[in-house]
Amino acid sequence: QSSIYVAKVLLSLDAEAVGSLKEGVNFKKSTEDGKCYIIFKSNNDFKACKNQCKHQGGLFIKDIEDLDGMTVKCTKHNWKLNVSTMKYVNPPDSFLQDELEVSMLDDGGLQLVELSPVDPWMADPREPLELQKGEVKVTYFTHACIELQLGKRRFMFDPWLKGPAFARGWWLLHEPPADALDRLCGADLIYISHMHSDHLSYPTLKVLAERRPDIPIYVGDTSRPVFWLESQVKLTNIKVLPFGVWQNIDDHLRFMILMDGVHPEMDTCIIVDYKGHMILNTVDCTRPNGGRLPQNVDVMMSDFAGGASGFPMTFYGGKYSDSWKAEFIKNERKKLLNYKATLVKSLQPRIYCPFAGYFVEAHPSDRYIKDTNFKNSAEDLNALINKLAPAIKTWTPQPGAVLDLGLALRDPTNREAITNPPASAKIYKDSWEFDLYVNELKSAIKSDIFKHQNWIQFYYTWAGFQNYNLVVRVIETDDKFECITDGYDYLVDFLDLSFPTKRPNREHSYLEIKNRIGVMRYVVLHGCLWDDLYIGFQNRISRDPDIYHHKYRHFI
């Protein structure tokens with residue numbers, strides 16, 4: 001094992017300190033680095049973990065509602081961890097906490113030890129070679145789409161260049177450069193980080209499939225495949241790669257894909273190495289590579305904006321007033337801004353670029369979402385980084401802007417290092433071809449399958465989610481979430497996958513979901529993910545009790 005794992009002692013307690021540990025939950029701080037750990041004692045048996053929530057890295061505190069003395073509560077989103085089992089109990093069936101090894105010493109003391117895989121990017125390290133002017137260029141297109149020119153090769157990330165994402169909920173904020181699609185079709189290789197449609201854009205990939213179906217496209221080997229609906233596009237050269245392994249493209253260029261610590265089934269990020277110069281793109285990962293990332297890379301890119309979830313915007317009833325939502329969003333965005341700035345400061349990249357947050361809820365029927373669901377600005381994040389870590393050069397890109405890495409590394413103050421788009425370039429979109437894409441969704445409404453009510457049983461049986469004590473009422477609505485005479489309104493009991501006419505008498509969790517009829521039927525017809533409805537703000541949700549159902553979120 002020694003070649004795969006490195007053992008690191010995080011906390012040492014002497015015999016006296018071990019003797020003073022009480023039964024149940026103990027919080028212990030390291031005197032060396034101030035980091036906090038949780039030790040659970042039960043009959044002289046010990047379990048331990050870092051005091052860090054696996055969801056978004058928040059700190060745990062004692063859970064005052066817990067009478068058994070076994071759970072702790074995260075200060076960020078009230079997630080609860082049962083430390084005796086290392087399972088999260090709220091939301092249920094979500095994550096397992098990563099445990100630390102508890103090593104008992106002969107003198108009665110103990111050590112908390114972390115067994116860590118060696119950082120994979122350290123395999124076969126390369127000395128950085130000097131870059132010539134124009135040799136490495138980073139061009140920002142729009143949202144998460146970036147082109148890297150690396151010597152003679154061009155590498156494209158996450159091309160969303162046309163059409164909406166998440167059904168009709170997200171639209172591009174920026175106007176991509178006029179030649180963006182041509183450059184995509186002429187690229188040497190493409191990386192797509194995950195299946196969400198602001199990264200895996202079928203309208204964009206259809207153009208690519210028509211013009212260059214054999215272009216090499218690289219994706220991570222996630223349990224939920226990136227190309228969820230391969231039938232939609234005929235691309236013939238999709239390469240699924242293992243995590244943490246260098247992929248050598250030529251003598252100078254290699255890259256590796258890493259998984260997300262919070263959503264390993266879906267999210268990935270990437271490190272590109274050209275002539276010993278590393279570019280780290282963490283994309284949408286919540287805790288990229290479980291929080292272990294290379295330091296001092298030349299360029300780091302990450303998301304920054306927030307606002308990419310249906311929660312709390314699509315929720316109604318109970319506490320979900322407009323003022324509660326506005327306050328919650330303000331606090332969440334502030335936390336996200338501080339988290340990203342702290343992460344960047346800890347990794348000390350030479351240049352940092354916030355991206356992958358430039359979307360807008362542009363459709364007129366989503367005006368309410370757009371007005372309330374404000375996003376962090378890239379300028380605000382960069383200003384905070386400049387304050388916390390003034391040595392890091394920050395870049396807020398506009399579509400078509402180019403960073404010349406060789407020039408920037410030689411002299412960060414060199415004005416030639418960044419070329420901004422020409423003054424005449426259009427930066428923000430002001431039209432989106434709404435009708436074209438909304439009509440395509442609405443065309444599903446009249447499909448023959450929906451003439452007969454038995455489609456409901458067929459669909460949920462196909463989805464296969466059951467044995468879970470949850471009853472869901474689904475109501476098809478118009479664009480304003482008002483009931484419609486020809487829409488379906490039905491119950492699904494996921495305990496036994498039955499379709500009762502009224503709620504069962506037993507105690508159960510209950511969700512009421514109003515879905516826009518066109519989007520709902522399109523999702524059913526094409527077997528799409530419910531993320532299109534939820535992340536795309538195409539539904540309204542009420543919960544009783546008000547708890548998050550982690551399993552249900554992944555049911556389709």
Side-chain angles (χ1 to χ4, degrees), residues 5-116 261-262 286-293 331-332 334-336 338-343 345-347 388 547-548 550:
Y5 287 98
V6 181
K8 185 180 172 192
V9 176
L10 301 178
L11 180 74
S12 295
L13 299 182
D14 60 22
E16 190 184 344
V18 172
S20 68
L21 292 173
K22 63 180 196 302
E23 289 285 308
V25 175
N26 297 267
F27 290 90
K28 283 286 171 195
K29 214 172 221 184
S30 161
T31 49
E32 285 184 14
D33 60 8
K35 289 189 174 160
C36 189
Y37 301 92
I38 302 173
I39 300 172
F40 183 81
K41 180 182 176 186
S42 169
N43 300 328
N44 280 335
D45 241 12
F46 299 97
K47 280 180 176 263
C49 65
K50 291 180 177 177
N51 184 358
Q52 189 171 48
C53 179
K54 202 158 177 177
H55 175 225
Q56 283 190 6
L59 287 178
F60 288 111
I61 55 170
K62 195 168 167 27
D63 178 15
I64 51 172
E65 297 164 0
D66 168 43
L67 302 177
D68 299 329
M70 292 185 182
T71 62
V72 291
K73 183 166 84 170
C74 176
T75 49
K76 258 195 173 181
H77 299 107
N78 292 329
W79 283 43
K80 292 187 180 185
L81 170 69
N82 182 329
V83 194
S84 72
T85 60
M86 292 294 173
K87 284 181 180 171
Y88 283 83
V89 289
N90 178 31
D93 312 305
S94 46
F95 305 131
L96 272 175
Q97 185 76 341
D98 296 323
E99 284 190 58
L100 299 171
E101 296 286 318
V102 181
S103 174
M104 302 307 294
L105 305 175
D106 294 342
D107 63 2
L110 68 72
Q111 289 182 332
L112 302 190
V113 180
E114 182 176 39
L115 290 177
S116 317
V262 171
T286 309
R287 276 184 57 81
N289 199 41
R292 297 179 65 95
L293 291 169
N331 289 332
E332 283 301 294
K334 200 171 163 186
K335 282 188 223 167
L336 179 66
N338 287 320
Y339 170 66
K340 290 291 175 188
T342 311
L343 179 66
K345 183 187 176 186
S346 72
L347 294 174
L388 293 177
I547 56 168
Y548 174 59
H550 184 270

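Atoms considered below: every heavy atom in the structure, side chains included; atoms not considered: hydrogens, waters and symmetry mates.
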Looking at every non-hydrogen atom in both residues, tell me the closest pair between [X] and [Y] and how far apart they are.
| X | Y | answer |
| --- | --- | --- |
| A48 | V102 | CB-CG2, 3.8 Å |
| D98 | C49 | O-CB, 3.6 Å |
| Y339 | R287 | OH-CG, 4.0 Å |
| Y37 | L112 | CB-CD1, 3.8 Å |
| L110 | M104 | CB-SD, 3.8 Å |
| I61 | F27 | C-CZ, 3.7 Å |

State which residues pass salt bridge (Lys or Arg N to Asp or Glu O under 4.0 Å) with [X]; sequence neighbours excluded, sorted by chain then number.
| X | answer |
| --- | --- |
| K80 | D63, E65 |
| K41 | none |
| K345 | none |

Does [X] reach the side chain of [Y], with side-chain heavy atoms less than 4.5 Å apart?
| X | Y | answer |
| --- | --- | --- |
| T85 | L96 | no |
| V25 | V72 | yes |
| V18 | L105 | no |
| L293 | P288 | yes |

Euclidean distance, [Y] [atom2] relative to [X] [atom1], rounded to 0.5 Å:
| X | Y | atom1 | atom2 | value |
| --- | --- | --- | --- | --- |
| N90 | I547 | CG | CD1 | 6.5 Å |
| L10 | S30 | CG | OG | 8.0 Å |
| Q111 | K8 | CD | NZ | 13.5 Å |
| L81 | C74 | CG | SG | 10.0 Å |
| I39 | N51 | CD1 | CG | 11.5 Å |
| C53 | N78 | SG | CG | 10.0 Å |

Under 3.5 Å, is there a donor-acceptor pair between the side chain of [X] and the main chain of [Y]?
| X | Y | value |
| --- | --- | --- |
| D107 | G109 | yes |
| N44 | S42 | no |
| Y88 | K54 | yes |

Q. What pairs meet the ring pair (Phe, Tyr, Trp, His ring centres under 6.0 Å) rule with one or both residues in residues 41-71, with sequence neighbours excluded?
A.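 Passing the test, one end in residues 41-71: H55-H77, H55-W79.
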Q.
Considering only residues two or more places apart or on different chains, which pairs with a residue in residues 15-40 satisfy salt bridge (charged side-chain N to carboxylate O under 4.0 Å, His left out)?
A. none
Q) Who pairs with N82 by side-chain hydrogen bond (donor to acceptor under 3.5 Å, both in side chains), at least two apart in sequence or on another chain? A)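 side-chain hydrogen bond (donor to acceptor under 3.5 Å, both in side chains) list for N82, sorted by chain: S84.
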(Q) Between K50 and E114, is the salt bridge (Lys or Arg N to Asp or Glu O under 4.0 Å) condition met? List the steps. (A) CA-CA 10 Å; K50 291 180 177 177; E114 182 176 39; 2.9 Å; yes
